> 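Below: one structure in C-alpha cells.
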Amino acid sequence: MLKKSDVGMPVSIKRTNPGWLKRLTKSMESQEQLAVGIPVNSEGSSAKYEDGTSILLVATVNNFGSPSRNIPARPFISLSSEPMIEKTAPIAESLIPVLNQGKASIADILQQMGPPAVDVMQQTINDLKEPPNAASTIIKKKGSANPLVNTKLLVQSINFAVRKPK
C-alpha cells in the first residue's frame, strides 16, 4: 500500500518484453477469419432475383438502408453479431484444448463455428419486424410486413467462409 511519503518518489520501470502487444495483434491479424453473411465468392454471392438484381446489392441496401430510395436500414448483420458470439463462443472454448494439443487448427475450429453462426443470422432475418415494410409494399408486392422475407433468397444465401485476411 502506498504511503503519503511514497508520493513523488522516482519510479523505475523495466520493460521485459517491449512490443509484445504489437506482435500479438499482428499475429492475430494474419490468422484465418470466419466471415458470415454473403461472403464474396461464396455459393450465395452469385445469386440473383428473377429480375436480375444481385443478392449482394439487396443485402447491402437492406442492411444499411438507402435514404435516396426511402429504404430504412434493417441491420441484420450487426443485430446478429452478439447472438452469434453467444452461440459460437462455447464451441471455440470446447475446442481450444484440441487446438493446444495440435489436433486441430484455427481453421478447423472456425469451420465448426460457421453453421451455428449462419443459423443465427438466418433466424435474425426471419425474426426482424422493425422497421416494417411500407403499407404500399405490403399491399402491392409482398402481402407481409416482415421486411426481409419474401422470396427467401436472402435467407437461403446466408453462408460462411473461413479465409485469410487480405
Side-chain angles (χ1 to χ4, degrees), residues 20-69 71-133 137 141-166:
W20 70 270
L21 183 58
K22 191 173 194 173
R23 287 192 305 276
L24 177 64
T25 304
K26 188 95 170 140
S27 74
M28 295 299 286
E29 289 173 351
S30 67
Q31 295 295 322
E32 290 90 351
Q33 298 173 344
L34 177 63
V36 181
I38 307 175
V40 175
N41 297 325
S42 69
E43 188 176 308
S45 67
S46 61
K48 296 191 183 305
Y49 286 90
E50 286 183 13
D51 67 357
T53 304
S54 160
I55 189 67
L56 287 171
L57 175 63
V58 171
T60 302
V61 168
N62 275 288
N63 189 71
F64 297 106
S66 176
S68 65
R69 296 180 182 174
I71 299 172
R74 295 179 172 103
F76 64 92
I77 295 171
S78 59
L79 290 172
S80 300
S81 63
E82 194 169 319
M84 262 191 247
I85 292 168
E86 291 171 7
K87 183 91 173 203
T88 59
I91 296 167
E93 289 171 10
S94 71
L95 294 173
I96 286 175
V98 179
L99 175 70
N100 289 337
Q101 294 167 5
K103 296 179 181 176
S105 66
I106 290 175
D108 295 331
I109 293 173
L110 295 174
Q111 285 289 338
Q112 295 291 317
M113 295 167 63
V118 167
D119 290 345
V120 168
M121 187 172 286
Q122 288 174 328
Q123 191 64 51
T124 300
I125 292 169
N126 284 325
D127 292 346
L128 192 70
K129 305 287 186 254
E130 296 292 329
N133 285 325
T137 301
K141 296 180 183 177
K142 288 187 170 183
S144 166
N146 192 327
L148 299 179
V149 180
N150 184 20
T151 66
K152 302 273 189 198
L153 185 59
L154 177 59
V155 172
Q156 293 166 356
S157 297
I158 300 300
N159 204 336
F160 77 96
V162 175
R163 60 185 184 202
K164 288 259 189 198
K166 292 182 181 185

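Just so it is clear, the model here is predicted, and its values are computed rather than measured. We use all heavy atoms of the structure for the numbers below, so side chains are in, but hydrogens, waters and symmetry mates are not. Note that the numbering runs from 1 along the sequence shown for the chain.
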> Counting N and O atoms only, with roles assigned by atom type, does the side chain of D119 sit under 3.5 Å from a partner on the main chain of P116, one being a donor and the other an acceptor?
no
> Using the side-chain contact (heavy atoms from CB on, under 4.5 Å) rule, take N159 and I38 through it: C-alpha gap first, then chi angles, then the decisive distance, then the call.
CA-CA 6 Å; N159 204 336; I38 307 175; over 6 Å; no
> Extract all donor-acceptor atom pairs below 3.5 Å that involve side chains of residues 75-93 and protein atoms in other chains or at least two apart in sequence.
| from | atom 1 | to | atom 2 | distance (Å) |
| --- | --- | --- | --- | --- |
| S78 | OG | P75 | O | 3.4 |
| S80 | OG | F76 | O | 2.5 |
| S80 | OG | T124 | OG1 | 3.3 |
| S81 | OG | S78 | O | 2.8 |
| T88 | OG1 | M84 | O | 2.8 |

> Please check this pair: side chain of N62 against backbone of V58, looking for a donor-acceptor N/O pair closer than 3.5 Å.
yes
> Can you tell me how far the NZ atom of K48 sits from the CG atom of L56, to the nearest 0.5 Å?
8.0 Å
> Provide the closest heavy-atom pair for L154 versus A59 in the form atom of the first, atom of the second, distance.
CD1-CB, 3.8 Å
> Kindly check if the number of other-residue, nucleotide or ligand heavy atoms within 6.0 Å of CD (Q101) is above 12?
yes
> List the atom of S94, the atom of P97, and the distance in Å for their closest heavy-atom pair.
O-CD, 3.5 Å
> Within a strict 4.5 Å, meaning less than it, do heavy atoms of the K152 and N126 side chains meet?
yes
> So which atom in S157 and which in L153 form the shortest heavy-atom distance, rounded to 0.1 Å?
OG-O, 2.7 Å
> Taking all non-hydrogen atoms of both residues, which atom of V36 and which atom of A117 are closest, and how far apart?
CG2-CB, 3.8 Å
> Please give me the minimum heavy-atom distance between E32 and V162, naming the atom from each residue.
CB-CG1, 3.9 Å
> If you take all heavy atoms of T53 and L57, which pair is closest and at what distance?
CG2-CD2, 4.1 Å
> Applying side-chain hydrogen bond (donor to acceptor under 3.5 Å, both in side chains), can you list everything that pairs with Q156, at least two apart in sequence or on another chain?
none
